[in-house]
Amino acid sequence: MSETSPSEPVNPLHFNIAVNTGRVGGNQSVSSHVPAGPDLRKGRGLRGRLPASLLADAAKGFVAPEWMARARKRSRGGIVLLAGGRGTGRQTAALNLLCGAHGTDASVHHLDDDLDFGAWRPAPGEANGYLVEGTLGGLVRNRAALTSIGSRLLEADAVMVVILPDDPELVAGLEDSLGMAPVHCTPPAAERIFHAQLAVAVPGEEERRRLLHGLPPDLLPELLPPGASPRDALDVVDAVIDAGESSGATDARAARVRGTLAEQADREVAEFLPGWLDDPQARNALIAAAVFCGSSPQSIAEQAERLASKVEGASGGPGVSGVSGQGGRRSFSALLRPVGVRTDRVQRPGRSPVTHMAFARCQWPGAILRNVWRGPLADLLVPWLWSIEGYELIERAGWALALSVPPERGTGRLNRIRACATSGGPSGRAVAAKALRVLMNDPDFSRETAGQLGSWAYERSWSLRCVAALTCGGGSEIAPLGSALALMRKLVRGAEGEPHRYVDRAVDDALLDLFHRGDRRVVLRTLLAWTESEGAEAEYATRILPKLLRRDLAWFGAQTTDDEVFTLTVRLIRRTLRARGPGGALRDAVLLWRRVAAWDPIHKAAVDAVLFAVGGDRHPSVGRFLDAINRQG
């Protein structure tokens, strides 16, 4: 076992993250764009004043987290207990809390945890604040001792912040013994930190505007999702500045930002991953956490158990994760702590808090999985992923499966996704569809993926055709609208020779989803164009129109003031009546539309205007349709 074995209590990366301005220490490369943050190791072991430069680094671009107000309120008692894992911002926030009104002129001392705090008494005027990392020699469990220390601090006009170990068991025990919870640290929104740190690195507003101009609007939310750490924000600042210093189109700059972050994460993960993959318990835990980060510790532990069973069943070797029971789940969280996987507790107003696991670096799960997909476990991961159940887990499993596609072009790149689509049952089809949506939204893979799906649309295998339809809509996002509609046209034509009810349902659901979440005018224009063709899509367009109307009657009513939507709606209704006659689903949908609109004069006038315009077509089916509407509506 290597020095970075999970059994070792030390952090294999010599982790040192500081909130908002912190940087990674150890052997990592550090960009020069954003100033290095406070390194508390400089003060560790010293019973003296921390350097003013350390406090200044902590204050640069600092974004106060939501919990800071609670911490300031607690500080009125002289002592504040902070709980949180790596990447939550506890160190830098603690320094800013201790500086208080004095700012960087404050006198802040760093004390060793092995000090005899039972007998310690701060000297008046010695310091504005004291920082301790630990448990005060165990005294944090003693409410009377904490009260006594707090009183002594107040007499000396000082405040102490104690950063507790990253140990959920300890924190839960303190809540029981003290009768109150320590302040739980969660990082501020990473996008806020990004903009604050960009202002530090690039003071000129015009220059900042130039750097951000042209980047896709969804790039920052993609790179800094909820729960991303301050260090993640700093990495994105560096990557954006580097990309801005080179020429290139918008897509090229965005690709360079993504590539820079991925390469950095790959380098960082490569330092500790080999030791973890050699240990079955650690390997299963780490892979499950990488795939399902954001889920609860219990859920991830269960997936690690499933992976262990797959490995054991395939090789007869050790596949056990060692996670079972309440105690096992706590050990599972502790097992992952050395690589910066933390358990976050999320407060919900009026509801019980929930916990979920997150990596201190949001790029690390992808880097871990890219490495694993190149190794001997790759073929076992596919059946493990296709047997996932539950919407949120399927979304994550599909994202992980998308990472199995190698960057090098060549035949067979999508073979693992194809296997998942054809062998995994309903869950496997859902996982494969999510993976393909990820690829269709990736410029490096979108064209090849769309081409492969186009060939699947005519396959005899209904599973492949069903996955092609599921890829177009559903899940947490939709495929690019133009590609999705072109694919759906092929699916509709392919269904003529190989009809299947599952495929038909998937196509309908996908089109409704595209209409609901995409550009509705584009969908209506496309359907109208289909009605002018000679293929199966003409019949399909007239069949799906009533479902579109029912999907969002209020939208159709509100948009009739738009000349284009009004014209599209009228023409689609006319062509549906000519193709299908006056009865059936369209009549029922329009009757419902009229009844809903009866309660709103403006909406009613809009519906009447549509029906009046439809009557401009003298086709017999149109006349019979309007007569039926007037009789029944």
Side-chain angles (χ1 to χ4, degrees), residues 15-26 28-44 49-69 71-72 82 84 86-110 127-129 131 133 159 161 163 185-212 220 223-224 228-242 244-245 261 264 360-362:
F15 218 67
N16 182 52
I17 291 184
V19 171
N20 298 334
T21 54
R23 308 294 282 177
V24 175
Q28 305 303 312
S29 60
V30 178
S31 170
S32 60
H33 292 307
V34 183
D39 185 351
L40 294 183
R41 291 174 299 182
K42 296 176 182 178
R44 192 162 293 146
R49 182 171 179 171
L50 292 178
S53 59
L54 195 71
L55 305 182
D57 286 340
K60 287 177 183 176
F62 176 68
V63 177
E66 176 273 334
W67 53 263
M68 186 65 98
R72 290 195 180 102
L82 293 183
R86 293 191 183 97
T88 58
R90 51 190 184 166
Q91 290 181 340
T92 303
L95 291 179
N96 280 276
L97 177 63
L98 290 170
C99 287
H102 300 280
T104 55
D105 293 329
S107 174
V108 177
H109 289 224
H110 188 275
N128 304 114
L131 180 65
E133 296 174 272
V159 174
V161 173
I163 298 177
C185 304
T186 53
E191 282 197 57
R192 291 180 59 206
I193 298 174
F194 168 85
H195 288 291
Q197 289 300 321
L198 184 63
V200 172
V202 184
E205 185 175 349
E206 276 300 317
E207 179 64 10
R208 291 199 303 274
R209 188 178 294 114
R210 184 191 68 80
L211 284 171
L212 296 176
L220 288 181
L223 300 176
L224 298 173
S229 72
R231 170 66 226 199
D232 291 323
L234 293 173
D235 289 343
V236 176
V237 169
D238 283 342
V240 167
I241 292 175
D242 285 337
E245 291 174 352
L261 294 171
Q264 178 177 328
R361 305 292 296 282
C362 68

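Side chains are part of it too, since the values below use all heavy atoms of this structure and drop only hydrogens, waters and symmetry mates. Bear in mind that the values here come from a model prediction, so they are computed numbers and not experimental data. Starting from 1, each residue takes its place in the sequence as its number.
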Novice: Could you walk me through whether Leu234 and Asp238 satisfy the side-chain contact (heavy atoms from CB on, under 4.5 Å) test, starting with their C-alpha distance in whole Å, then the side-chain angles of each, then the deciding distance to 0.1 Å, before giving a yes or no?
Specialist: CA-CA 6 Å; Leu234 293 173; Asp238 283 342; 5.6 Å; no

Novice: Of the non-hydrogen atoms in Ala94 and Leu131, which two are nearest, and what is the gap between them?
Specialist: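 Closest pair (atom of Ala94, atom of Leu131, distance): CB-CD1, 3.9 Å.
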
Novice: Atom CG in Leu224, atom CZ in Phe194: separation rounded to 0.5 Å?
Specialist: 7.5 Å

Novice: Show the nearest heavy-atom pair for residues Leu97 and Ala71, with the distance to one decimal.
Specialist: CD2-CB, 3.9 Å

Novice: Can you tell me how far apart CG (Asp235) and CD (Gln197) are? Round to the nearest 0.5 Å.
Specialist: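 Here the interatomic distance stands at 11.5 Å.
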
Novice: Which pairs pass salt bridge (charged side-chain N to carboxylate O under 4.0 Å, His left out) with one or both residues in residues 188-206, sequence neighbours excluded?
Specialist: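 As it turns out, the salt bridge (charged side-chain N to carboxylate O under 4.0 Å, His left out) pairs with a partner in residues 188-206, which skip direct neighbours, are Glu205-Arg209, Glu206-Arg209.
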
Novice: Nearest 0.5 Å please: distance from the CG atom of Leu261 over to the CZ atom of Arg361.
Specialist: 9.0 Å

Novice: Within a strict 4.5 Å, meaning less than it, do heavy atoms of the Leu95 and Phe62 side chains meet?
Specialist: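 No, every pair of side-chain atoms sits at 4.5 Å or beyond.
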
Novice: Side-chain contact test, heavy atoms from C-beta onward, threshold under 4.5 Å: evaluate it for Leu198 versus Leu212 and give yes or no.
Specialist: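 Yes, their side chains come closer than 4.5 Å.
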
Novice: Could you walk me through whether Leu55 and Arg49 pass the side-chain contact (heavy atoms from CB on, under 4.5 Å) test, one step at a time?
Specialist: CA-CA 11 Å; Leu55 305 182; Arg49 182 171 179 171; over 6 Å; no

Novice: State whether the side chain of Asp232 and the backbone N or O of Leu223 hold a donor-acceptor pair below 3.5 Å, judged by distance alone.
Specialist: no

Novice: Please find the pair of heavy atoms, one from Ala127 and one from His109, that lie closest to each other, and give the distance.
Specialist: CB-CD2, 3.4 Å

Novice: Could you give the distance from CE (Met68) to SG (Cys185), rounded to the nearest 0.5 Å?
Specialist: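 Rounded to the nearest 0.5 Å, the CE-SG separation comes to 9.0 Å.
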
Novice: For Ala196 and Gly61, which heavy atoms make the closest approach, and how far apart are they?
Specialist: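 Looks like CB-O, 3.5 Å.
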
Novice: Measure from the side-chain N and O atoms of Asn128 to the backbone N and O of Val108, and report whether any donor-acceptor pair falls under 3.5 Å.
Specialist: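 Side chain of Asn128 to backbone of Val108: no pair is present.
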
Novice: Identify the heavy atoms of Gly87 and Pro230 that sit nearest to each other, and give their distance.
Specialist: O-CD, 3.2 Å

Novice: Can you tell me how far apart OG (Ser229) and CZ (Arg86) are? Round to the nearest 0.5 Å.
Specialist: 12.5 Å

Novice: With distance as the sole test, does Arg208 use its side chain to make a donor-acceptor pair with the main-chain N or O of Pro203 at under 3.5 Å?
Specialist: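 Indeed, once roles are kept as given, a pair shorter than 3.5 Å links the two residues.
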
Novice: Is it the case that the side chain of Thr104 and the backbone of Ala56 share a donor-acceptor pair, with hydrogens and angles ignored and the cut-off at 3.5 Å?
Specialist: no

Novice: Please name the pair of heavy atoms, one in Ala58 and one in Asn96, separated by the smallest distance, quoted to 0.1 Å.
Specialist: O-ND2, 3.1 Å

Novice: Donor-acceptor pair, Arg90 side chain versus Gly84 backbone, under 3.5 Å?
Specialist: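 Looks like yes, one N/O pair under 3.5 Å.
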
